[in-house]
Number of protein chains: 2
Amino acid sequence: MSERRRSAVALSSRAHAFSVEALIGTNKKRKLRDWEDKGLDLSMESLSPSGQLGEDEDPTPCLDLHPDSEQSTGSDTEVLAERTSCSFGSHSDLTSGGSGPQPPPPSSMEEIQVELQCADLWKRFHDIGTEMIITKAGRRMFPAMRVKITGLDPHQQYYIAMDIVPVDNKRYRYVYHSSKWMVAGNADSPVPPRVYIHPDSLASGDTWMRQVVSFDKLKLTNNELDDQGHIILHSMHKYQPRVHVIRKDFSSDLSPTKPVPAGDGVKTFSFPETVFTTVTAYQNQQITRLKIDRNPFAKGFRDSGRNSSWLDSCLH
Amino acid sequence: MSERRRSAVALSSRAHAFSVEALIGTNKKRKLRDWEDKGLDLSMESLSPSGQLGEDEDPTPCLDLHPDSEQSTGSDTEVLAERTSCSFGSHSDLTSGGSGPQPPPPSSMEEIQVELQCADLWKRFHDIGTEMIITKAGRRMFPAMRVKITGLDPHQQYYIAMDIVPVDNKRYRYVYHSSKWMVAGNADSPVPPRVYIHPDSLASGDTWMRQVVSFDKLKLTNNELDDQGHIILHSMHKYQPRVHVIRKDFSSDLSPTKPVPAGDGVKTFSFPETVFTTVTAYQNQQITRLKIDRNPFAKGFRDSGRNSSWLDSCLH
DNA sequence: CAATTACCACCTAGGTGCTAACTT
DNA sequence: AAGTTAGCACCTAGGTGGTAATTG
């Protein structure tokens, strides 16, 4: 084995004809393309001798390469406009669905669609009752929000941002013997608003649409005095993540510490299966198990000893 | 000890009055500020309850926190215009040193200064004869180029870029018994030009001047077919890194695969003590020793066993 | 023979849930 | 009693030079 180094090498076995995708880094750490759309219209494609694209594969689907994955039981992505999505705020209007050729200046937001990645994984958590740990230092979400965006104007510049809003005005507690979340009173007083502006931001529609837009670096905290720019939430409350597409010319009020502005240049999307309850320690053991099973960073807690021992014994 | 976690925590002991610097991340991984200057004039300072700055300390001086450091023997930084620097190309003109108040539109490049960080460390390598390893997959430089920039127009947008140019037209070989580099013939044919555009690029002069601009993610390669955007060099040749300050309105020809454009909107800086010879394996063992001694990632090769064993025995 | 490469052990850096201690 | 926190072992991810094998 020990293919770790190999897969990071320029001419690895995965490199088909110097895939531009490998260069651009659909979702990898490479920031090379970062500056590209930020005021300049430069192309990295000159780096590719073949100029060939290989956009079909997503190098890190759900941060979840678990072999037992049941993703084959259905589509692992989900188009917003088709089934699960609804829009919050007053920005989005899917009601005017038709593509009437009446282009509002500078470019229409109406045809924009946002598709949740790893929808199957989200649904498995949702069926149990998704929990997200929040800590003083900030904790990533698992699963992370990952979306594909279509219908953008390729030459228009956009910010993509995410925030998390309360689902209701209640505080919850987990009742162990019934394995259910119960209302435990009214919500705590509101926390300072925070918006996570995607780090690739200010990029062209073309760039956004080429890649899976991942929010895996976003962190949640319960520290109301947080100075790291993390999203502040109350523990034991229910929240809904939202994704915002913001046209550049409409971003004058955009700030990580102010609510996302509303209006024609902003379109907001959310996915009901991404609702979660904040905790400081997991309540439902099924959630713990699924997290350990799917989050690569928790691999140390997988008791592959127990799970695979009977399988191992079959193979001997 | 185990302060590792602690230093990443919001309210760690290092956080003096919620230092904005900690939030902005002078040189840390935090990309929060990334989008800030890219077309928007947003301020993160609202995240700081005190609004207080603590700009004096540089969290990762030289990626070198070695206690034996002799940096106290002199200034560890070096202002370009004062001693060591010279400019390549035809862009820079330090000859017009005076600050004559005749502002050329849109903003003067004449007062821009670039100061090399970790100059002492660079000099120690330079005195021996700096070597940089190049590999097919790409190798970081150590030391990395790190600079402070002054004299920018705070409200002007700039790209900061780096490239590496041949010092001469020769190929070298290392003669072990004399511990010297000798000319071994003429240089190999030129390699495809590559420019590393700093990932924070397209930011305001204000933002650039606030931080130490570090090129530690830049990688060198000997793979002429590299598709990762690394800087391509020939082994056994002598090179000089250069830093470019490029006004936004002058960046129409800026590309990672084209030479940096010349003209009024571009100013180029270089530091003689950063010249190095490319190798695929270190030639001079003094270089190896200094690298191991100073690069944290090579800590595994520090034979503290041998060095400190006699010291240990003194303590027992 | 000199130069390059692949693989390795050993680091840094940081993301996991567990656990015990602490807080309210 | 319920909720939170700090420290921990165990991971992922990736940057070091050493070493032996390979290349030219």
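All values below come from the heavy atoms of this structure, side chains included, with hydrogens, waters and symmetry mates left out. Source: prediction; values computed, not measured. Each chain gets a letter, A, B and so on, in the order the sequences are listed, and its residues count up from 1.
Look at Arg289(A) and you won't find any side-chain N or O under 4.0 angstrom from OP1 or OP2 of dG17(C). Side-chain nitrogen and oxygen atoms of Lys217(B) include none within less than 4.0 Å of the OP1 or OP2 phosphate oxygen of dG15(D). Taking side-chain N and O atoms only, Thr135(A) has no distance below 4.0 Å to OP1 or OP2 of dT4(D). Residue Arg302(B) places no side-chain N or O under 4.0 Å from the OP1 or OP2 atom of dG17(D). The phosphate of dT4(C) has OP1 or OP2 within less than 4.0 Å of a side-chain N or O from Ser235(B). Of the side-chain N and O atoms in Lys299(B), one or more sit less than 4.0 angstrom from OP1 or OP2 of dT12(C). Side-chain N/O atoms of Asn223(A) include none lying less than 4.0 angstrom from OP1 or OP2 on dT5(D).
Per the geometry, NZ belonging to Lys291(A) stands 17 Å off C1' belonging to dC11(D), to the nearest Å. One atom, CG of Asn295(A), and another, P of dA13(D), lie 10 Å apart when rounded to the nearest Å.
Here the two rings, on Tyr172(B) and His237(B), have centers that are 6.0 Å apart or farther.
When the nucleotides dG17(D), dA3(C), dG15(D) are ranked by their closest atom to the side chain of Arg173(B), dA3(C) comes out on top. With dT4(D), dG17(C), dG18(D) as the choices, the nucleotide that has an atom nearest any side-chain atom of Ile292(B) turns out to be dG18(D). In the set dG14(D), dT4(D), dC11(D), dC11(D) carries the atom at the smallest distance from any side-chain atom of Phe297(A). Nearest to the side-chain atoms of Arg140(A) among the listed nucleotides dG15(C), dT16(D), dT5(C) stands dG15(C). Closest to the side chain of Thr288(A), from the set dG17(C), dG15(C), dT12(C), is dG17(C). Of all nucleotides listed (dT4(C), dT4(D), dA9(C)), dA9(C) comes nearest to the side chain of Phe301(B). Between dT12(C), dG17(C), dA3(C), one nucleotide has an atom nearer to the side chain of Tyr282(A) than all others, and that is dG17(C).
Ion pairing between a basic and an acidic side chain is recognised when a charged N comes within 4.0 Å of a carboxylate O; Lys136(B) and Asp226(B) show no such pairing. In this structure, Asp168(B) does not pair ionically with Lys238(B), as no charged nitrogen and carboxylate oxygen lie closer than 4.0 Å.
The shortest side-chain heavy-atom distance between His234(A) and Tyr239(A) falls under the 4.5 Å cut-off.
Position along DNA chain C of the nearest nucleotide to Ala298(B) versus Asn222(B) favours Asn222(B) as the more 5'-ward residue. Between Gly300(B) and Tyr176(B), it is Tyr176(B) whose nearest contact on DNA chain C lies nearer the 5' terminus.
Cation-pi geometry between Lys291(A) and Phe125(A) is met: under 6.0 angstrom from the ring centre, within 45 degrees of the axis.
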